[in-house]
Amino acid sequence: MKKSLILILLVSFTLLDCGTSISSGTIAPDKFKEAIDSMSGLQILDVRTPDEFISGHIEGARNLDFFGPNFQSELSKLDQNKPIAVYFAVGSRSVSTLKMLQSLGYQKIYDLEGGILNWQKYGFEVTKN
């Protein structure tokens, strides 16, 4: 009886934890927003071109042009102790960036599912400058 109760409690805590945690990988816009709002020191990367970035980006994002000549060296300069959130227009370049970051040893990387276009479909705002 005690073993059953302990097992039930362990399963319950595991399920509760799964509902509130965000794991590395591709995540939906609402979870991406949750990461931005809750993770201290989160590095937000927009891997579109500078013109695309100026047309509208997530507040606090840093623009690193995927096609820029120093893209990979700029990635390696990011703080490995802080999580990274990355996005593109629809997701293709950000998935490639996620894989590059993983190969460089970064571990907490979050890719915005469907990119900034999906972010806007969810009703989240973009900043223009």
Side-chain angles (χ1 to χ4, degrees):
M1 182 75 164
K2 278 187 176 181
K3 288 182 183 179
S4 296
L5 181 58
I6 291 171
L7 181 61
I8 290 170
L9 288 173
L10 285 173
V11 170
S12 297
F13 287 124
T14 302
L15 290 174
L16 285 172
D17 185 50
C18 289
T20 59
S21 65
I22 301 171
S23 61
S24 293
T26 301
I27 58 176
D30 57 336
K31 293 294 182 186
F32 198 85
K33 175 80 166 108
E34 183 180 317
I36 290 171
D37 292 343
S38 67
M39 289 187 180
S40 172
L42 181 67
Q43 303 168 95
I44 308 168
L45 301 180
D46 182 318
V47 296
R48 298 175 300 155
T49 65
D51 286 341
E52 291 171 310
F53 181 79
I54 291 169
S55 71
H57 57 273
I58 295 173
E59 187 175 343
R62 174 181 171 190
N63 184 222
L64 286 180
D65 185 354
F66 186 85
F67 296 116
N70 301 319
F71 182 70
Q72 286 191 334
S73 66
E74 290 298 317
L75 288 180
S76 67
K77 293 177 185 176
L78 297 169
D79 188 337
Q80 286 202 5
N81 297 313
K82 295 180 180 178
I84 299 171
V86 61
Y87 68 92
F88 173 62
V90 293
S92 58
R93 286 184 236 169
S94 60
V95 171
S96 296
T97 302
L98 182 139
K99 291 176 184 176
M100 285 181 212
L101 288 165
Q102 288 173 330
S103 73
L104 290 169
Y106 294 88
Q107 296 190 10
K108 292 189 176 186
I109 313 155
Y110 309 96
D111 172 42
L112 176 58
E113 178 183 74
I116 198 163
L117 296 178
N118 200 26
W119 172 266
Q120 291 175 297
K121 283 181 187 176
Y122 269 68
F124 297 124
E125 293 185 20
V126 295
T127 299
K128 295 184 179 185
N129 63 343

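The structure displayed is predicted, hence computed values, not measured ones. For the single chain, residues carry numbers from 1 onward in sequence order.
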*Rounded to the nearest 0.5 Å, how far does CG of L75 lie from CG of L101?*
5.0 Å

*asked:* Check for me, please, whether F71 and L98 land in the same ILVMFWY cluster - side-chain distances under 4.5 Å, paths through other members count.
replied: yes

*Output the distance between atom CZ (F32) and atom CG (D111), rounded to the nearest 0.5 Å.*
7.5 Å

*Between Y106 and L78, is there a donor-acceptor pair closer than 3.5 Å when you use the side chain of the first and the backbone of the second?*
yes

*asked:* Does any part of the side chain of R48, heavy atoms only, come nearer than 4.5 Å to the side chain of I116, both counted from C-beta?
replied: yes

*Would you find a donor on one side and an acceptor on the other, under 3.5 Å apart, between the side chain of Y87 and the backbone of I58?*
yes

*More than 12 non-hydrogen atoms from neighbouring residues, nucleotides or ligands closer than 6.0 Å to CD on Q102, yes or no?*
yes

*With no hydrogens and no angle check, is any side-chain donor or acceptor of N63 less than 3.5 Å from a backbone partner on D46?*
yes

*Under 4.5 Å between side-chain heavy atoms, hopping through other hydrophobics if needed: is there a path connecting V126 to I54?*
no

*asked:* Pair I36, I44 - check side-chain contact (heavy atoms from CB on, under 4.5 Å), show working.
replied: CA-CA 8 Å; I36 290 171; I44 308 168; 3.9 Å; yes

_Within-4.5 Å side-chain heavy-atom neighbours: E74 and D65_ = no

*Quick check: are there more than 12 heavy atoms from other residues, nucleotides or ligands sitting under 6.0 Å from CD of Q72?*
no

*Quick one: does Y110's side chain get under 4.5 Å of K31's, heavy atoms only?*
no

*Would you say F66 and M100 make side-chain contact, with heavy atoms under 4.5 Å?*
yes

*Just wondering, do W119 and L117 contact through their side chains at under 4.5 Å, heavy atoms?*
no

*Shared hydrophobic cluster, V95 / V90 (ILVMFWY, side-chain heavy atoms < 4.5 Å)*: no

